[in-house]
Structures are given as C-alpha cells and as structure tokens.
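Below you'll find the structure, written out as structure tokens, and then a few comments.
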Amino acid sequence: MKIILEDNLFYISMISTVLISLLVAARFLLGRRIHRVFFSLAWMIVLVRLLLPLCVSVSVGCPEILDQITGWIRSVPTGQYFLIWAAGAAVSVTFFVVRYVMWGRILREALPIQKVPDIDEEMFTFMGIRVYVSDRIASPVTYGIFQQKVLLPKYYMELTREQLKFILIHEKVHIDGHDNLNKCLVILAVCIHWFNPFAWLMYVCYNRDLELACDEKVIRQVGEDSRKDYAGVLISLAQGGPAAKPIYSGFAQNAVKERIVMIMGYRRARVWNYILCGVLALFSLVVFAVPVKTEEKVELTKHSKPPISVPEKVEEETLDAVDVTKVIEEDSIGTKAEVVVKTKEDVSLRLKIHFRKELAVTNGSFISFQIKGKEWEAGIDDEYDGTVTIPEAVRYKGKVYPVKGIGNYTFYQCRKLRKVVIPNTVEEIKEKAFESCESLKTLRMPENLELVEANPFVGCCSLKCFQAPESTEMKGQYQVKKGVLYTDYGRFLKVFPQGKKMKKFVLEEGVSQIAVCGFYGTQVEEVHLPESLLRVKSCAFQNCRNLKVVRAHRNTVFSGDSLAGAWRARILRYD
C-alpha cells in the first residue's frame with residue numbers, strides 16, 4: 001500500500017460519484033435516523049476527494065469487470081479536452097464570482113443595529129458577533145468569509161427577545177463552524193468538476209444538510225423543550241426571500257419544510273447512530289483507494305483441469321519472454337527453476353530462477369523479477385566470456401513476469417564477461433550485482449532505472465563509461481553525463497567508472513554530494529569539487545591509489561574514511 005499522485009481528473013470525478021450516490025441514498029433512506037451533523041462531515045470527505053489529487057494503492061483481488069471499468073476511465077484522453085474543461089470552469093467561476101459581488105454590494109449597504117426597546121443591548125454583543133440591519137433582505141443572513149457579520153431584516157424591531165435569541169444563536173453556530181468558508185471550498189470543487197452533475201447535486205445537498213446540522217446544534221444549546229418555539233420563528237421568517245445566495249448562511253432560506261420536520265422530530269443520538277455513521281465514514285474512505293489486482297497462483301494436480309488460457313495484456317505481449325524449462329525444487333519458501341536464453345555467440349546460457357514466497361535468500365547469484373509483491377530471482381554461470389542479454393520477462397504457468405531488477409551477486413566475479421545488455425524493464429540494481437566483472441567495458445543503463453544501491457560496480461576495473469539508453473533520456477532521477485552515472489537529477493554523483501582513464505576530473509557546479517564508493521578504485525589523479533558540493537560520503541575515494549589532490553571548498557564535509565586506501569591523496573581547501 002502506498003500513496004500515489006492521481007493526475008486523471010475524470011477518474012477522480014467518477015470515483016467521487018460513487019460516494020455522492022451513496023450519501024444521497026443514505027440521506028433519502030436514513031435521513032430522519034442519522035443526525036445531519038454526520039452528513040455534513042461526510043460531505044467533507046467527498047470534498048477532500050474532489051480537491052485532493054492523491055490516492056492509496058491497495059492490492060486486492062478485484063473483479064475483472066471492476067478492473068475493466070477503472071481501466072476505461074483512466075484511458076479517457078482528458079488532455080485533449082483541456083480547453084473545453086477550462087472554458088466550463090471559467091464560466092462556473094464567473095457565475096459564482098458575479099453572484100458574490102452582486103450580493104456583497106447589497107449587503108455592504110447595511111447599517112449597524114440600533115438599540116431596541118425592551119431588548120438589552122448585550123443581546124447583540126454577548127456572542128462576540130457584529131450585527132447590522134439591511135432593508136434589502138427578507139430573513140437573517142451571515143455575510144463574509146473571514147470577517148463575518150450578521151444582517152437582520154428591517155423588521156427586526158418587531159421581533160421578541162426570544163425570537164432574536166434563536167436567530168443570533170443560529171448565526172453564531174454558522175460563524176463558529178466556518179460554514180461560509182466551507183461553502184467556498186464546495187464551490188471550488190463544483191467549478192473544477194463542473195461537467196459532473198453529481199458534483200452539483202452534492203452542492204445542493206450540502207447546503208441543505210449544513211442548515212439542518214446548524215438547527216440540530218441550536219436545539220442542543222437551547223434544549224429540546226424549545227423546539228416548538230424555534231420552529232415557530234423559522235416559519236414566521238420564511239418569506240420567499242431573494243434568489244439563492246451562494247456564499248451566505250441564511251436563517252430561513254433553505255428547505256424550510258424539511259427543517260421543520262427535522263426540528264420537531266429531533267432526538268438525541270444513540271449508540272447505534274454513532275456506529276452506523278462510523279461504518280459509513282469508513283466505507284466513504286474507499287474512494288481514496290486504487291485497487292491493484294493481485295495475481296493468483298494456479299496449482300495443477302492430478303484431478304484438476306488445466307487453466308483456461310486468457311490472452312495476455314497488450315503490455316505483456318510486447319515483452320520478449322523466456323519460458324521456464326526445468327523446475328528444480330518446490331518448497332514452502334518458493335520454487336527454484338531454470339530458463340535457457342540464447343546469447344550473441346549462439347551459446348545456450350542457463351539462468352537459475354528462484355520464485356520466492358516469503359523468506360529472503362541471503363547468498364547466491366540472482367536476477368530479481370518483481371510482480372505484485374512477489375520476487376523472481378536467477379543466477380548465471382560465472383565462467384561465461386561472451387555477451388549476456390537479460391530477458392525482458394519470464395513466462396511461468398501462463399503468466400508473464402517482467403524483469404524488474406538485478407539482484408545481489410548476479411554477475412559476481414564473472415571476470416570474463418565482456419558485455420551485458422540490460423532491458424528497459426529493469427528498475428533496480430542491487431549492491432554487488434556486477435562486482436569484479438573485470439572485462440566489462442561499457443554498460444547501457446535502462447531508461448526506467450529507479451534505484452542503484454551502493455556502487456554495484458566495485459572491481460569493474462575495465463569499465464570506461466556508462467551509456468544512456470537508446471532514447472538518450474532516462475525517465476527517473478538517474479542521468480548519465482560524460483560516461484558518469486548521477487542521481488537526484490544530476491545533483492548526486494553516484495558512480496564514476498573505475499576504468500575511465502583521465503588525470504584530472506572537474507566536477508561541474510550544481511552537484512551537491514558524492515555517493516558511497518562513488519570513485520572507488522578509479523585511476524584519476526586530481527579531482528576538483530565545486531563550491532556547491534556539500535558532502536563527500538564514506539569510502540567515496542577508497543583505493544584510488546593514483547589520486548594525489550582533491551580540491552574542495554572549505555565548507556565541503558568529508559567523511560572520516562572517504563580517502564581510505566588512497567594513501568597518496570591530500571585535500572586542498574579553497575574559499
């Protein structure tokens with residue numbers, strides 16, 4: 001399970017539709033049983049899903065139909081419709097901004113409230129809110145996002161002290177809950193997902209549930225005995241006010257009948273109510289999960305029928321896969337087998353396969369195959385003296401497993417090996433993978449490389465340079481510059497080829513670190529480090545017997561054993 005960045009807006013919108021539909025159905029079926037406070041919180045989960053482009057990948061045995069549906073959604077070329085989406089979003093934003101400006105201009109004309117006979121002035125100040133009066137509204141409204149104020153209609157002087165108390169408590173709840181700010185976020189989500197009608201449905205339901213949740217909080221404050229009086233105030237102020245106001249919280253503007261029914265039927269939440277809401281909240285978090293289909297191992301027995309052959313995916317068909325030719329051993333740990341690959345010299349080369357289930361193998365020569373949490377590994381004959389082409393994939397029991405990594409000791413002490421061809425499927429090279437390959441001169445890096453452990457090329461004394469992939473561009477953070485391997489997009493020198501012959505090497509500005517064993521055993525005599533270099537890690541220049549001078553800025557930090565074995569070398573500082 002890992003968090004991934006989701007860049008497909010259409011996928012986010014469609015997966016959010018599932019939760020919106022669930023909440024709307026729950027609202028219709030259980031609306032009178034579940035407090036609307038819980039619904040307003042559930043809408044916040046939908047809001048986060050619509051606005052946050054993050055997902056959590058989870059390996060599950062998802063049905064084939066679900067896998068096909070999600071695949072179809074992700075295949076929609078959203079980039080081709082960017083201009084259409086941008087135009088719709090601009091229209092939506094313009095609509096809400098115009099409405100906000102229009103109503104803001106009207107409400108800003110309001111005047112501070114004057115003292116009312118028989119009503120204490122403290123009524124308007126004890127809650128710490130500012131109260132104004134406007135002749136342009138028909139019912140009380142809370143205006144503003146950060147500096148909010150309550151506006152009363154001009155007939156407020158006709159209200160009793162009790163009625164005014166209910167109104168102010170209601171608006172105070174809106175202010176304390178930052179409801180206007182939440183409405184702005186909902187509007188933002190609607191503008192981004194304007195093409196999805198369920199997003200607009202969420203906007204309508206959220207506004208209603210927000211008012212209902214506010215009513216519930218008011219009842220809890222004033223007591224259930226005051227429900228009738230509170231409902232009476234709501235009815236008396238429900239006077240067909242003006243058009244919908246998108247970023248304002250009104251006392252009697254939304255679904256008055258629904259609110260009256262809820263107020264009169266209000267009951268305190270019971271334990272089962274909280275349990276049901278917890279289950280609903282947990283289920284709603286599923287919209288953040290991206291199901292990754294797991295592979296199931298098919299075991300053949302004497303009485304079982306052979307599995308029905310299913311066409312491989314298009315991606316797998318493009319891989320050059322080799323078959324398992326011999327199963328050596330099967331136990332609780334895994335399966336050991338062999339494959340045979342043809343070399344450039346037309347020699348049949350055996351590779352040992354180890355399908356590992358749980359326990360790790362600590363020694364031996366391996367090539368790693370990573371698929372759905374399972375790891376495949378293979379060894380190679382260290383006496384071979386030609387060219388080895390690592391297969392792109394291995395086919396076993398009808399399944400294709402892409403080669404994703406080169407494991408520890410894969411080519412360990414293959415002193416006669418002259419060339420290794422690495423497929424672009426490889427993403428990881430383990431430590432000691434190529435140790436002591438003394439005849440290896442060049443090595444082309446795969447374009448999908450993601451991880452190289454501490455110098456896997458120690459002892460490759462003939463290795464003159466690394467080469468970029470045929471596309472000349474690596475997709476990850478690794479780069480090849482002038483035969484040297486870098487990571488962190490060129491800011492971290494990873495490996496300097498041991499067989500690269502040059503007396504003086506000047507490291508370019510912008511590089512900040514040299515990796516562990518980065519220059520191990522090289523023949524360079526003088527190294528100039530830029531001012532940007534901050535740290536030289538452990539054993540960076542180990543066994544560089546020809547090295548005489550390392551010129552470094554006075555702020556560059558060297559590990560204590562960075563020059564281990566380089567007995568002639570000394571560090572010269574510059575400012």
Side-chain angles (χ1 to χ4, degrees), residues 19-20 22-47 126-129 139-142 148 150 162-183 185-186 201-238 241 244-245 247-282 284:
L19 182 53
I20 295 174
L22 173 68
L23 291 179
V24 171
R27 190 179 185 275
F28 177 77
L29 298 175
L30 305 172
R32 296 185 181 182
R33 296 177 179 268
I34 300 180
H35 283 204
R36 294 310 170 101
V37 173
F38 297 114
F39 276 105
S40 61
L41 294 176
W43 288 122
M44 288 294 101
I45 298 177
V46 180
L47 179 62
F126 83 100
M127 298 182 208
I129 57 179
S139 64
V141 169
T142 297
Q148 302 178 76
V150 175
E162 192 69 17
Q163 290 176 326
L164 198 55
K165 177 182 177 182
F166 286 138
I167 293 173
L168 293 178
I169 292 177
H170 180 97
E171 302 305 332
K172 177 63 173 176
V173 170
H174 278 306
I175 293 174
D176 291 342
H178 305 286
D179 290 343
N180 285 352
L181 178 60
N182 293 335
K183 284 188 176 183
L185 296 177
V186 172
L201 179 61
M202 177 203 70
Y203 171 71
V204 174
C205 292
Y206 173 76
N207 283 330
R208 290 194 174 190
D209 288 337
L210 194 65
E211 289 300 327
L212 292 168
C214 184
D215 291 334
E216 291 175 348
K217 294 176 182 178
V218 172
I219 294 174
R220 285 199 293 270
Q221 290 189 32
V222 301
E224 295 184 20
D225 295 338
S226 302
R227 287 180 299 170
K228 185 176 180 181
D229 296 333
Y230 181 65
V233 176
L234 187 64
I235 295 174
S236 65
L237 296 179
K245 299 175 282 298
I247 317 180
Y248 310 107
S249 299
F251 182 79
Q253 293 294 326
N254 291 306
V256 176
K257 181 179 178 180
E258 185 178 10
R259 292 171 63 185
I260 295 298
V261 172
M262 187 281 298
I263 291 171
M264 299 308 297
Y266 176 82
R267 294 292 185 274
R268 290 187 178 274
R270 298 180 180 178
V271 176
W272 69 267
N273 201 324
Y274 288 99
I275 295 175
L276 184 61
C277 293
V279 172
L280 185 65
L282 289 176
S284 65

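Source: prediction; values computed, not measured.
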Between the CG atom in L19 and the CH2 atom in W43, the distance rounded to the nearest 0.5 Å is 7.5 Å

Atom pair CG/CG of N207 and L212 - distance to nearest 0.5 Å
11.0 Å

What distance do F166 atom CZ and D215 atom CG have between them, rounded to the nearest 0.5 Å?
11.5 Å

Given L201, L23, L47, N182, the one that forms side-chain contact (heavy atoms from CB on, under 4.5 Å) with Y206
N182

Within the structure provided, determine whether L210 and K183 are in side-chain contact (heavy-atom separation under 4.5 Å).
yes

Approximate separation, where rounding is to 0.5 Å, of D209 CG and L41 CG
10.5 Å

Polar side-chain atom of D179 near backbone of I175 as donor-acceptor pair, under 3.5 Å:
no

Could you walk me through whether K217 and D176 pass the side chain to side chain contact (heavy atoms under 4.5 Å, CB included) check?
CA-CA 11 Å; K217 294 176 182 178; D176 291 342; over 6 Å; no

Taking it one step at a time, do H174 and E211 satisfy side chain to side chain contact (heavy atoms under 4.5 Å, CB included)?
CA-CA 9 Å; H174 278 306; E211 289 300 327; 3.1 Å; yes

Nearest 0.5 angstrom please: K165 NZ to K172 NZ, how far?
15.0 Å

